[in-house]
Amino acid sequence: MQLHVSTGDGVPIYLQIANQVKYLVASGRLAPGDEIPPIRVLAHQLLVNPNTVARAYLELERDGLVHKRHGSGTYISGAGSPLARKERVKILSERVDALLAEARHLHVEPPELLRLIQERSQSIQPKEDK
Amino acid sequence: MTTSANIHAVEITGLSRKFGSKLALNQLSLQVRRGRVFGLVGANGAGKTTLIQHLLGRLKAQSGSVRVFGFDPVAEPVAVLGRTGYLSEHRDLPGWMRVDELLRYTKAFYPQWDPAYAEELRRQFGLDPRAKIKTLSRGENAKAGLLIALAYRPELLLLDEPSSGLDPVVRRDILEAIIRTVADEGRTVFFSSHLLEEVERVADDLAMMFNGQVVLAGTVDEVKENHHRLVLRFDSPQLSAPKVQGVLSLTGSGQEWTAICNGQREQAVAAAARAGGRVVAESSPSLDEIFVAWAGAESA
Amino acid sequence: MHTPAAALAWELWRKHRTRVITIAGLVLGFALVYPKLCALAGFDPNNPGALDMLAKRFALQGDTGPLPLRVVRTLYLLFLACGPASVMILTLLYTAWMFTFTERDPKARDPMTFPARLFTLPVSTPFLFWSLWLGGMAAIAMLYGSWVHFVPLSRLDVFVVYQNCFGWMTLLALGQGIVWALAAWPNTRTVLLAALLFGFLGSPARRDIFESPLLLPSLFVLGSVLARVGLQKMRHSQWQGWTWKWPFATISARAELRGPKRFASPAQAQLWFEWRRFARGLCFTGAVLVGVPLVIYLLRLGAGFGPLSQNTMLVLACYLVAIPLITHFCTAASPPRTDVSFLMVRPLTNGQMMMATLQAAARSSLLSWMIVAAALCAMPLLGDFHAVEKFVSIPSPYLAIIVPGLILLTWRFIAVNLGFVGSGNRRLAAIPVLMMVAVYAGVFALSILSRNSAYWNAFWRLVPGLLAGLIAVKFLLAFLAFRLSLKRGLLAPFAVVAYLAVWTPMVAALLVPAAVLLHDTEWLLPSSLGIVLLVPLARIGFCPIALAWNRHA
């Protein structure tokens, strides 16, 4: 599991960790049943305070994204949880917002943009299928 | 030992210190809870080192009291220093010693010294036991100092500007040492720094010092969540920073200005409205921005 | 400061101004007061035989006076005879050192480091060399000139040879050469400087050197060239010294790899720390200072110059005996310690730190005197030592007091100054030097007192009372100091008992032979009281308190 913590912006580190795990789950890079690293290992890897990692895990657990198995570790919960879908939508909306702002700046109207998205989607389809 | 000493590793109440006519510490009070990583940030000359010197008993409190694990560091230096691992900002290890001699010498003072751990750290840091301290580079010197501060697993690890002037590799070693220390149950880390990135990464609690006083203290998350960055837009370009009550700092030019405020967000928005500005964007500031805002507010 | 040369001159002045002012004051003082003192004592500095004449007169007169009177008179006479000349030598030596432009580097613990920052300034090496070289020569010539012109230096045989300006300039050139060229070889540098000093000040062959038309100029040129090249090489870090491959290195490394040595206790570790920090170096310096002249004389003997004269033997013996005292006093009067912050955060009580220093000082005193004793034993190789023994003629029973007394005095220099130096306060650290000056002033005052025998006898009757009073004060202060240290927990009660247990035998070991030897003279009471006063007690008690000021400022 590769996470990256940056301290330049205002987002608290525990939120960054939680958001990135959510993103990894939503994008399918973490599958249900996968184990995520123990707190101390992740703290050491990211060079952050173990309490911060613990807080991120607690957040994830509260959201139902992960669950602790007694005495063995922390695992990603089963797929299809409503939250996973909600997360996906949330992540994508942020990207779409950014895209729209860029498009407006370049004087590209939304219908034209939609057409562009469809074109691109078709052109990258074969690669994704392989 | 009092119950308070069971909760707090360090307790400072009303500490003042004068050097000549210069007030270095002014009625400073501070508590550090056991088992936490405490980051002390402040500008150069804010009194961080003076504060740490008090914890070690190198300075005697002129007024107020200093307690480390419930002991007065001046009255009972052995009790305090025997529980404390200290890495000095000035690399002040005696240059004539060799690394192995330094280890042997330091070991004699601490019954709880762990030779296996010391050896492991020495290998990890890549220190040649036969090298003289004065031939070591700046980073190696810091590592040697860190090694003798860690090898007896002190209850309190006291680091004064641990990473100033060091390369990223050595800084990483130091951060790892802090994380490792706090991961062991019940041990406390107190470090001063002006690298806010480090503080944000490893500290649980944080205190900001300006002009010998703690102006802001709390957990790192609290501090970050309590501060708001508001982008204000004024109808007409402002030549100088407009007066807005309740914000720490206001920077920018022309029509758009960025305000940092602590806590009372609503009052700040209202004050901005009275000054003719409206909030166009809002986000949470980084610790760097918070620090700069407080530094500006304190020097004003 | 408009030119680099002016800036350099300003830096020299800024670093040495108090001492430069002192030197000027000394020249002026001697110029004004010394002729009058000589006239008072009936001493003619221009007469080469004045010392003998005066000694004869004092010897005749002295037989009538009490012994202390004779001692004081002799000291006064010595001051008149040697004072200006020896002060001139010291000031010229200081000036020569000043123009090597070196300073003490507390980090590298090197007393003579050429500041590397000069090499980062936009000045050429020839400019640096010529400004320091010419400036030094000019300063030496000026100082020498003012001594010779304003002060009637005694024309005694021993000192005439130093009245040679070119000789001093050669010393400066050689000194600069050695210091600059050997910057990367500190130990070789120390040995060569010691040899230079000794060769210049003490060699019996110096007359030949000074009068030879070839030797001095060639040494002058050699020193200057060495200095010029050395400065250039130092600037570009070219002569970097070499690392010796000691044959024992692998053996010692293997021995140490067998497993970490353990210190049995913190006190033992601290003793090792102090031993390595200063005591070992003291013994080493003593050994070098003792060894260099011995080796030079042995070589001279080997070259077929024949055994030494009795006079030279006597001077050499005095020099050897003075070494431990001088090295220990210089260490004791050193500036406040800078390596303390590492030490102060070790979990040690102040008492433990102090005890370790005292023990290390005791070891170095004993060892230094053993080295000196060995050197004295080797002296019969060089010439007729029996004649010297006969000349000094100390009855052997008296050695029972003198030898332990000297060892005690050596140790005491460190012990009594520990509080002053340990306090970390610059002004307090200067007290030992001031006390030395006060002792000399006291001797001077006594010598004036001794000119009137009525006053003198009255004073001599006062001495026992005075000493007894001092002892009472000493005990009172010691009691207060120890009580305060104990109350504040700076010192363990055990340490107090241990020190008192050492103090008592030390006093007894000196008192018993003194009582046996002096039982029927007027010396018994004052010397017994003096012994009790000499063994430090109050200041040892004060030491942990002073250390606490430094530790908990």
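In what follows, chains are A, B, ... by sequence order, proteins preceding strands, each numbered from 1.
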inquiry  = Could you work out, with side chain to side chain contact (heavy atoms under 4.5 Å, CB included) as the rule, every residue matching L500(C), not counting sequence neighbours?
reply    = V496(C), L537(C)
query = Could you give the distance from CZ (R58(B)) to CG (N550(C)), rounded to the nearest 0.5 Å?
reply = 6.0 Å
query = Would you say the side chains of Y110(B) and R346(C) form a donor-acceptor pair under 3.5 Å?
reply = yes
task = Would you confirm whether the ring centroid of Y105(B) sits within less than 6.0 angstrom of the ring centroid of F273(C)?
result = yes
request  = Check whether any side-chain heavy atom of R277(C) lies under 4.5 Å from a side-chain heavy atom of P94(B), and answer yes or no.
outcome  = no
query = So what's closer than 4.5 Å to chain B heavy atoms on Q268(C): side chain, backbone, both or neither?
reply = neither
key: L56(B), part contacting chain C, at a heavy-atom distance under 4.5 Å   = side chain
ask   = By a 4.5 Å heavy-atom criterion (distance strictly below it), what part of T349(C) contacts chain B: side chain, backbone, both, or neither?
value = both
ask   = Does any heavy atom of chain C fall under 4.5 Å from the side chain of L102(B), the backbone, both, or neither of them?
value = side chain
key: Contacting moiety of L158(B), where chain C heavy atoms sit under 4.5 Å   = neither
inquiry  = So for atom CZ, which belongs to F119(C), do other residues, nucleotides or ligands contribute more than 12 heavy atoms lying within a distance under 6.0 Å?
reply    = yes
ask   = Measuring from F342(C):CZ to H90(B):NE2, what's the distance to the nearest 0.5 Å?
value = 15.5 Å
query = Under 4.5 Å between any side-chain heavy atoms of W272(C) and R104(B), yes or no?
reply = no
ask   = Relative to chain C, which of P115(B), A108(B), A61(B), G145(B) shows the most heavy atom pairs under 4.5 Å?
value = A108(B)
ask   = Say you draw a straight line from CZ of R276(C) to CD of E101(B); how long is it, rounded to the nearest 0.5 Å?
value = 4.5 Å
task = Might you point out which heavy atoms bring H552(C) and P73(B) nearest each other, and give the distance in Å?
result = CE1-O, 4.1 Å
Separation between CG of D92(B) and CG of L343(C), rounded to the nearest 0.5 Å = 10.0 Å
ask   = OG1/T106(B) to CZ/F263(C) distance, rounded to the nearest 0.5 angstrom?
value = 9.5 Å
